2 protein chains.
Amino acid sequence: MELSPTAYVILGMISREPRSGYEIKSLVDETTRFFWAASYGQIYPELKRLSEAGLVEGVEAPRGDRKRTLHAITAEGERELKDWLRRAPQTFEMREEGLLKLFFSGVLPPKDAAETLGWMHEQRAGTAARLRELEPGASEKRDGGDPFPLMVLQAGIEFNEWFADWCERMEARLRDAAATEGSK
Amino acid sequence: MELSPTAYVILGMISREPRSGYEIKSLVDETTRFFWAASYGQIYPELKRLSEAGLVEGVEAPRGDRKRTLHAITAEGERELKDWLRRAPQTFEMREEGLLKLFFSGVLPPKDAAETLGWMHEQRAGTAARLRELEPGASEKRDGGDPFPLMVLQAGIEFNEWFADWCERMEARLRDAAATEGSK
DNA sequence: ACAGGCATGTAAATAGTTACATGATTCG
DNA sequence: CGAATCATGTAACTATTTACATGCCTGT
């Protein structure tokens, strides 16, 4: 069966323990957000569909008077998840407004391109720093258990550090070019 | 003014010379595709909107009997493009199904995760190779002219090479873990 | 008492892909 | 002559974001 990508995110997130929609959203924001996001507007309707398809089962688990539904994966849901995991990945997309601006920067003075690179650098260095703070938590959980969330987190850190570094190198290149130009 | 992201891709693509919708699409596919894509379903309607807004002007330029409209940027369109270029980039998104699968790979035997990494590696190495083939063309155009398309292409190459390398290192890590496990 | 987090959901808008329809021109 | 490429567009669908509405619970 071919489900929507968000469906698999949900199945994955509840594969170890049942969770509420709210919890799924928080987890996504803490973990897969940087390479696969999901909003409430996707999660709740998708949970309903998965429930109707029998891949997920709702369990009422109120906290006090507040209603709360934990969503558990069914045997069939687990089969779907595993089937998907074993198929080759299809989607590799990136939308990077910074690179797009840089691409067209020839229509402006080089100084403006340098500023774009500065913004990109700041953004990527900041993201890398924030992800690095999550590393100790992910390392703990890994021990004896699942090594993959940590592995993926490290990919995120490395990627953002590589990108920040690339921006710095390109800024330097623009500075050098400007200096050469100036000394002619 | 706040235009759709695709609008800026179009304005950028026609900023140096007028182009047909078909040409814009081909250019996008050859250049910005890996960090900002666009389909006909976006390009033609957007051209109409930009035309109505006075940022783009259509010029009839038939080839033989075949109708053809070249779209030229207007003075106002150029102002919009430059304004946008000078604002800080907002959008940084990635959708990487491979990393998503890897993230959930704890529910399967490690061998399956290694296979996912293998696919990811193949895909990224292939993309890097294809981009590297475009480098000579981009280098030529740069001389005396616009250095930014080449710069961005090199970012694409470096990124895909970094990613391919990361996949290899993680595959090795899984192999080592399996060996340690086996020798206990 | 109030802020912040927990919890569920929907409506509207925007974005984007895919598939289709149509037809001319060019190159081998 | 047939295939590939040039060229324009639309319809239907899928995906996704944003904003809103509602209200309980916990800690200060």
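Note that this is a predicted model, so its numbers are computed, not measured.
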Please determine whether a side-chain nitrogen of the Lys or Arg among [X] and [Y] lies less than 4.0 Å from a carboxylate oxygen of the Asp or Glu.
X	Y	answer
Asp146(B)	Arg142(B)	no
Glu115(B)	Arg87(A)	no
Asp83(B)	Arg79(B)	no
Arg33(B)	Glu93(A)	no
Arg124(B)	Glu161(B)	no
Asp112(B)	Lys82(A)	no
Arg19(B)	Glu17(B)	yes

**Request:** For DNA chain D, determine which residues of residues 83-93 of chain A have any heavy atom closer than 4.0 angstrom to one of its atoms, and list them numerically.
**Result:** none
**Prompt:** What are the residues of residues 43-71 of chain A, sorted by number, that bring a heavy atom to within less than 4.0 Å of DNA chain D?
**Reply:** Arg63(A), Gly64(A), Asp65(A), Arg66(A)
Would you mind reporting whether [Y] and [X] have side-chain heavy atoms less than 4.5 Å apart?
X	Y	answer
Trp36(A)	Phe103(B)	no
Leu100(A)	Trp84(B)	yes
Leu117(A)	Trp166(A)	yes
Val56(A)	Thr74(A)	no
Leu174(A)	Lys111(A)	no
Leu11(A)	Phe104(B)	no

**Prompt:** Using a cut-off of 4.0 Å on non-hydrogen atoms, how would the nucleic acid contact of Ser20(A) be classed: base, sugar-phosphate, or nothing?
**Reply:** sugar-phosphate
**Prompt:** For Arg95(A), which contact category applies under a 4.0 Å heavy-atom criterion: base, sugar-phosphate, or nothing?
**Reply:** sugar-phosphate
**Sorted by number, the residues of residues 10-17 of chain B with heavy-atom contact under 4.0 Å to DNA chain C** = none
**Request:** Tell me which residues in residues 21-38 of chain B put a heavy atom below 4.0 Å from DNA chain C, sorted by number, or none.
**Result:** none
Please produce a list of atom pairs where a protein N or O lies less than 3.5 Å from an N or O of nucleotides 11-13 of chain C.
none

**Of all pairs that satisfy salt bridge (charged side-chain N to carboxylate O under 4.0 Å, His left out), the ones with a partner from residues 47-76 of chain A, not counting sequence neighbours** = Glu46(A)-Arg49(A)
**Asked** Nearest-Å distance, OH (Tyr40(A)) to P (dA7(C))?
**Response** 10 Å
**Complete:** In whole angstroms, the gap separating P of dT17(D) from CD of Glu2(B) amounts to 17 Å
**Message:** Are Phe159(B) and Phe159(A) an aromatic pair, judged by ring center distance below 6.0 Å?
**Reply:** yes
**Request:** Ignoring backbone atoms, test whether Gln42(A) places a side-chain nitrogen or oxygen under 4.0 Å from the OP1 or OP2 oxygen of dT17(D).
**Result:** yes
**Asked** OP1 or OP2 of dG16(C) sitting under 4.0 Å from any side-chain N/O of Thr6(B)?
**Response** yes
**Request:** Show your working on side-chain contact (heavy atoms from CB on, under 4.5 Å) between Thr32(B) and Met13(B) and close with a plain yes or no.
**Result:** CA-CA 10 Å; Thr32(B) 68; Met13(B) 287 299 180; 3.6 Å; yes
